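Worksheet: one structure, shown below.
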Amino acid sequence: MDLRYTDEELAFREEVREFFRTELPEDIRRKMINGQVPVKEEINRWQKILNRKGWAVPGWAPEWGGTGWDAVKLHIFKEAMHLAPAPEPLTYNVNMIGPVLIAFGTEEQKKCFLPGIANLDIWFCQGFSEPGAGSDLASLKTRAVRDGNDYVVNGQKLWTGTAHEADYMFCLVRTDPDVKKQKGITYLLIKMDTPGISVRPVVTLDGVPHTNEVFFDNVRVPVKNRVGEENKGWDYAKYLLGNERIGIARVGLSKSRLNRARERAANVTVDGKPLAENSRFRERLAAIEVELKALEITNMRVIDEVKRSAGNAQDPKASILKIKGSELQQAATEVLVEVSGRDVARSETGFLMGDEPPIGPDWAVTAAHNYFYHRADSIYGGSNEIQHNIIAKAILGL
Amino acid sequence: MDLRYTDEELAFREEVREFFRTELPEDIRRKMINGQVPVKEEINRWQKILNRKGWAVPGWAPEWGGTGWDAVKLHIFKEAMHLAPAPEPLTYNVNMIGPVLIAFGTEEQKKCFLPGIANLDIWFCQGFSEPGAGSDLASLKTRAVRDGNDYVVNGQKLWTGTAHEADYMFCLVRTDPDVKKQKGITYLLIKMDTPGISVRPVVTLDGVPHTNEVFFDNVRVPVKNRVGEENKGWDYAKYLLGNERIGIARVGLSKSRLNRARERAANVTVDGKPLAENSRFRERLAAIEVELKALEITNMRVIDEVKRSAGNAQDPKASILKIKGSELQQAATEVLVEVSGRDVARSETGFLMGDEPPIGPDWAVTAAHNYFYHRADSIYGGSNEIQHNIIAKAILGL
Amino acid sequence: MDFDLSEEQRMLKESVDRLVAERYSFEQRKAYGKEAEGWNRGLWKQYADMGLLSVPFEEKYGGFGGGAVETMIVMEAFGRGLVLEPYFATVVLAGGAIRMGGSEEQKKAILPKIADGSLLMAYAYAERQSRYDLADVLATAKKDGAGWVIDGEKTVVIHGDCADKLVVVARVSGGQRDKDGLGLFIVDAKAAGVSRRSYPTQDGVRGADITLKGVKVAAGDVIGEAGKAWPLIECVSHSAIAALASEAVGAMSAMQDITVEYLKTRQQFGVAIGSFQALQHRAVDMLVALEQGRSMAMYGTMMAEDPNAEERAKAMAATKVQIGKSAKYVGQQAIQLHGGIGVTMEYKVGHYFMRTTVMETQFGDTDHHLAALARAGGLVSAAG
Amino acid sequence: MDFDLSEEQRMLKESVDRLVAERYSFEQRKAYGKEAEGWNRGLWKQYADMGLLSVPFEEKYGGFGGGAVETMIVMEAFGRGLVLEPYFATVVLAGGAIRMGGSEEQKKAILPKIADGSLLMAYAYAERQSRYDLADVLATAKKDGAGWVIDGEKTVVIHGDCADKLVVVARVSGGQRDKDGLGLFIVDAKAAGVSRRSYPTQDGVRGADITLKGVKVAAGDVIGEAGKAWPLIECVSHSAIAALASEAVGAMSAMQDITVEYLKTRQQFGVAIGSFQALQHRAVDMLVALEQGRSMAMYGTMMAEDPNAEERAKAMAATKVQIGKSAKYVGQQAIQLHGGIGVTMEYKVGHYFMRTTVMETQFGDTDHHLAALARAGGLVSAAG
């Protein structure tokens with residue numbers, strides 16, 4: 001037993017860090033440090049840099065561009081990315097539809113989509129949630145009826161991040177309403193400029209249209225854009241759950257935020273002394289760091305179990321990563337609010353999204369925006385309450 | 001609206017405090033300050049002092065020794081008692097069986113029992129809980145069968161505090177097993193030296209036999225010792241719930257503990273300075289004090305509502321007092337453990353119960369004992385989880 | 001001890017509650033927010049007509065003659081409605097400075113105009129570096145004949161964009177964080193040398209950063225004695241905390257109600273999510289936090305103008321601590337129990353959360369006040 | 001990165017787990033506790049026979065040749081069993097001082113005797129005033145010819161009552177809290193001038209307060225160089241923290257299992273109480289705390305003998321913080337979810353809670369280590 005990285009892993013970590021140090025464009029790094037929201041062009045630009053390096057889709061099967069790294073190296077890569085800090089790759093592309101197509105797509109679908117997905121020439125969004133089907137995802141109602149070589153889709157999706165910018169949606173639709181709710185669901189790839197689709201951006205509490213409502217009015221989707229078999233879509237969607245395991249705790253991201261909090265607190269004066277020297281503040285930071293270090297190890301333990309099970313583990317311990325990871329991400333955003341003080345009061349969406357100079361100090365003005373938005377960390381991807389249910393049942397047997 | 005005490009109330013408070021200052025025996029006060037457990041003789045001695053003053057049973061109807069004080073004055077009295085700090089009167093006598101007999105007892109029962117209850121010449125214990133009937137009290141199984149002028153009782157009670165010292169038990173027994181569980185329960189007064197009763201002390205985590213198991217083997221109880229009607233006992237038991245309202249938050253007791261923590265911390269050195277001057281420690285204390293002040297006001301608000309409803313309110317807000325009150329009592333015992341440091345490691349039950357001198361400093365050695373025992377604060381009298389259920393249903397309508 | 005409202009107070013409460021219920025739905029509020037100043041002039045007039053704009057002022061200045069309890073009633077209702085109008089800035093802060101520290105002439109000149117709705121004011125005290133230290137003031141006021149000249153910058157002045165007059169804290173003497181040497185000055189917002197940069201705030205109102213360059217102030221526009229303003233600055237801050245605490249109670253009780261309502265109606269897995277015990281218990285914990293906050297807002301209201309400055313300071317610090325703690329818990333859980341919709345601008349609950357979050361940064365955050373309280377020896381005296 | 005145990009480690013784990021399962025039921029433990037010394041000599045012999053008493057010692061001293069991972073394995077199992085024997089005192093603490101700082105002669109003389117079970121030891125470091133400051137030492141060691149004379153008082157020496165030899169921390173020079181000037185001395189517990197007052201502790205073992213009056217120590221019984229013992233004192237403390245952390249993980253996992261089992265079997269309102277969602281979620285929060293603690297115990301195990309003293313000190317402080325926090329939560333909730341029975345001596349869960357509570361006061365409580373970690377700059381470096 002040795003929790004330390006091997007020499008090879010350490011060398012790999014250095015290589016990755018060096019890459020992020022030298023290749024991440026400075027303007028993008030700056031935005032990330034400031035807590036600004038990277039825009040489509042920036043995410044695109046960065047993904048293409050990664051792709052040139054061959055690191056765009058490290059977790060994929062090597063024949064489609066994957067690196068063949070093991071779980072530990074994938075973890076090292078993610079942590080370096082978060083610490084850089086670099087934008088996360090478009091999760092709908094890299095972590096979701098890509099792996100699903102590799103596993104269940106036709107050869108034609110793979111050839112048609114995968115290179116563009118990896119290089120971000122094609123943007124995907126995810127059409128799973130619906131009004132009334134949040135945590136209870138399988139109760140979705142959007143209907144698809146076969147008509148010749150098309151499905152005709154009618155209904156409504158909710159919480160479709162980046163739908164207003166996406167080229168395609170991977171989408172769960174109900175094709176058989178008469179069977180048990182998990183049955184009768186089909187997985188479609190829908191081109192976003194198809195007639196009958198309308199997208200209504202939904203602005204989140206940070207002032208950014210992070211998500212959308214999407215309406216389908218007799219939208220025709222070619223049958224060839226169906227993934228796998230009709231009525232088996234739920235299985236393909238579930239397969240994705242296994243792909244969210246590594247990095248869900250976002251330890252590196254929280255570390256990066258705490259590092260920023262510490263730097264900034266050095267420049268804030270309380271009672272004539274830097275806040276960074278205030279014992280209460282230091283102890284609060286240290287307390288979060290301790291939990292974060294423990295989570296880092298917990299994360300590696302889960303990775304280790306994934307490794308042993310040849311990558312197919314649906315380890316319910318990952319729910320621990322989600323619960324604790326989201327709590328610590330939120331704790332870090334709260335600390336940044338505390339450090340920023342009164343300057344959080346201004347609404348600086350213009351700066352947050354990148355077009356306007358800030359009114360207040362650039363390091364402070366995004367703190368409340370981020371704090372507000374990251375309340376969603378404990379909600380999306382199965383709320384923490386759902387994660388509790390999963391653990392109670394799957395681990396504790398209650 | 002004025003949350004401050006009136007001049008009359010302030011004068012009353014001064015009178016009460018003066019009484020506690022001058023009349024509480026110094027040996028008893030010392031034990032209370034040390035966090036020791038007062039023994040029967042001490043509780044007895046103090047109750048008789050109170051009774052001579054006419055303050056033994058302030059909340060009772062005046063014809064049976066009550067003072068006629070309103071809810072505010074009762075609160076002032078309780079707070080002064082806790083701050084003194086004086087032992088609480090035997091709750092089974094003063095808050096439970098006394099009021100029940102006044103409300104539902106026969107004239108003969110009142111005359112026979114009430115003066116002795118008030119003067120602690122008769123000790124009562126409470127026989128409600130049973131194995132398997134904790135939070136679900138009404139599912140009790142102890143059986144009483146009518147035989148001539150007696151009931152014959154068989155069964156087992158649990159959590160009967162002071163049963164090993166008591167003269168009588170007020171006891172719920174099942175007289176009709178064929179009806180809904182709340183029906184068919186009868187309320188009996190059982191003399192503890194009746195043949196067939198055996199008492200097994202149960203030692204709690206502080207090393208003190210705070211409670212007991214009581215076994216009934218064909219115990220004969222005269223019918224004249226039944227309170228009220230047969231099979232109506234549940235109603236009389238429920239009536240008691242209204243009598244636990246005032247002082248359940250034990251704000252004064254927690255204040256008293258915090259005062260002790262502050263005093264003691266002045267004599268503990270950390271990094272060459274008194275712990276009492278350590279900012280983290282001071283802030284932790286202050287944070288508890290803030291919640292305590294808020295709870296004090298919340299308590300008064302509930303008292304005010306009781307006052308308006310002429311004392312008969314079964315205000316579910318009292319569950320808030322129980323939840324927050326127990327949390328803060330426990331927080332105060334935790335602070336005392338923290339202050340006492342390594343000295344809590346010794347088990348000093350000999351000192352705790354009053355016979356032996358302490359090995360460590362007298363102010364420190366009871367801290368862990370009390371911390372352990374007071375974990376029960378959030379369990380007895382309806383666990384905090386049950387209190388949450390009550391509020392969810394009765395206040396929030398969930 | 002008496003929790004009863006007087007007949008007059010009950011009437012005030014009924015009328016302001018009704019006003020908010022009728023005029024401050026979520027949709028109506030959205031519309032007001034889109035107006036030029038981010039609030040509604042018509043409503044302001046209505047507040048004036050109802051006497052709300054003079055609640056804490058004495059009758060002889062055209063006031064309602066109320067005290068802290070009356071302000072509590074108004075602020076709690078405004079908290080429930082997330083009211084946008086510059087009541088806190090004009091009536092509680094700047095109005096409070098004049099009410100508590102102004103000369104007879106100043107009161108006569110200004111309070112009736114606030115009361116009739118014709119004068120808007122703001123309180124410019126914070127500076128870029130000051131954080132939550134009220135005495136940390138770099139803006140200077142220098143003697144200039146009989147009057148004064150003010151130079152400096154003030155940040156995040158709430159409703160500073162629309163104010164006709166400002167009450168400005170400036171330093172007459174002493175070092176950067178000295179309590180001694182401060183003065184309060186009434187400055188015309190359109191005076192030469194005053195420039196304002198206005199912006200929206202996270203809680204849906206507007207604020208301004210204000211630069212003062214060689215701004216001349218007449219001798220008659222000094223509140224109290226220049227250089228001796230510290231006790232008044234503290235009094236204004238204490239009134240502000242009491243008012244914010246009541247506003248927070250209104251906002252928290254709205255979040256509580258909205259959340260419980262949502263739990264009763266939102267269906268998942270075929271049942272109302274309010275049937276899940278874990279969510280029920282969370283809603284109960286919210287209620288406990290709310291009721292603790294409500295109690296502390298009452299306590300703060302009682303103590304806000306207590307003559308004992310030391311006890312008052314401790315009480316107000318304690319009030320801000322409890323309110324900060326309660327509001328953070330209630331707000332975060334209100335969002336969490338709603339799930340995704342709680343994080344959107346389209347749904348009302350998030351707006352309460354944003355308001356209470358900003359509120360935490362007004363007149364000192366929880367940590368600031370907890371530290372101050374701890375330094376002052378805590379809340380429980382040996383006497384209890 | 002590798003979480004696998006070696007074949008030898010796995011065998012060790014299996015044998016010690018089996019031992020605890022077979023010999024340390026709650027009833028058996030109760031019986032051992034009633035023996036004269038509060039533990040069982042027969043078991044001690046069995047530990048010796050299994051090689052457990054020499055786990056961290058080198059083979060050349062008759063040791064098992066294990067490292068921190070092996071100690072982790074033993075301590076976790078002992079934590080699950082609430083083992084009463086003086087393993088921590090003898091093998092980890094006093095044995096650790098000799099193993100890490102002793103001379104060749106001392107190792108040869110002492111370690112084999114610990115290994116074969118014939119020598120019991122204890123570590124006498126704390127004093128009445130010292131609280132958690134390891135350098136706060138008033139006991140003195142004065143030069144006396146070639147040897148030393150020790151005077152002072154040591155408190156709460158765990159298993160100090162039955163120890164044959166003590167390792168005593170005493171001051172050779174310097175002021176009360178100086179790190180410089182400390183020495184470690186091997187003292188025969190029956191030497192002239194040593195008096196012991198023995199008592200039971202809250203966690204079911206025994207401790208002693210020890211007075212040393214003019215106790216003579218030979219030159220050969222000084223561990224390392226008198227006056228320069230601070231680095232060794234730190235190392236002993238770090239090993240102790242790693243061992244305690246593993247013991248705590250054992251105790252926490254036992255509490256978790258007992259509680260979940262109770263939830264599944266205890267009936268209320270006609271159903272198992274484990275069907276109530278609020279209790280389920282609490283049990284999950286316990287598990288999260290346990291797993292965080294387990295991770296940190298592993299981290300502490302890795303770092304316990306790291307050559308970088310500064311990084312090691314930070315890591316061990318962090319370990320104690322996480323363990324303290326996790327154990328408090330798991331323990332309090334284990335009691336709460338049991339209800340009344342959890343607060344009685346008759347039921348096992350409370351004994352785990354008492355053990356972890358005492359553990360918090362051993363080698364520094366959560367606050368002590370959090371403050372130390374914060375002073376040292378925290379755990380996250382810019383490099384991550």
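Note that these values count all heavy atoms, side chains included, but never hydrogens, waters or copies made by symmetry. Predicted model, so just to flag it, every value in this text is computed and none were measured. Order of the sequence lines sets the chain letters (A, B, ...), proteins ahead of strands, with each chain counted from 1.
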Most chain B-contacting option - heavy-atom pairs closer than 4.5 Å, from C/Arg294, C/Gln256, C/Gln9: C/Arg294
Can you tell me how far NZ of B/Lys78 sits from CG of B/Asn299, rounded to the nearest 0.5 angstrom? 10.0 Å
Within the 6.0 Å centroid threshold, strictly below: B/Phe20 and B/Trp46: yes
Best-contacting candidate, B/Arg4, B/Glu277, B/Glu291, against chain C by heavy atom pairs under 4.5 angstrom: B/Glu291
Toward chain C, the part of B/Leu396 with a non-hydrogen atom under 4.5 Å: both
Contact class of B/Ile288 relative to chain C, heavy atoms under 4.5 angstrom: neither
What part of B/Glu283 gets closer than 4.5 Å to chain C, counting heavy atoms only: side chain, backbone, both or neither? both
Quick check for you: among B/Thr6, B/Leu285, B/Thr298, B/Val72, which has the greatest number of heavy-atom pairs under 4.5 Å with chain C? B/Thr298
Cation-pi, C/Tyr299 ring and C/Lys320 (6.0 angstrom, 45 degrees): no
What residue in C/Ala272, C/Gly377, C/Ser326, C/Ala315 has the most heavy-atom pairs under 4.5 Å with chain B? C/Gly377
Using a cut-off of 6.0 Å, state whether more than 12 heavy atoms not belonging to C/Lys264 lie near its atom NZ. yes
Please check this pair: side chain of B/Gln329 against backbone of B/Leu253, looking for a donor-acceptor N/O pair closer than 3.5 Å. no
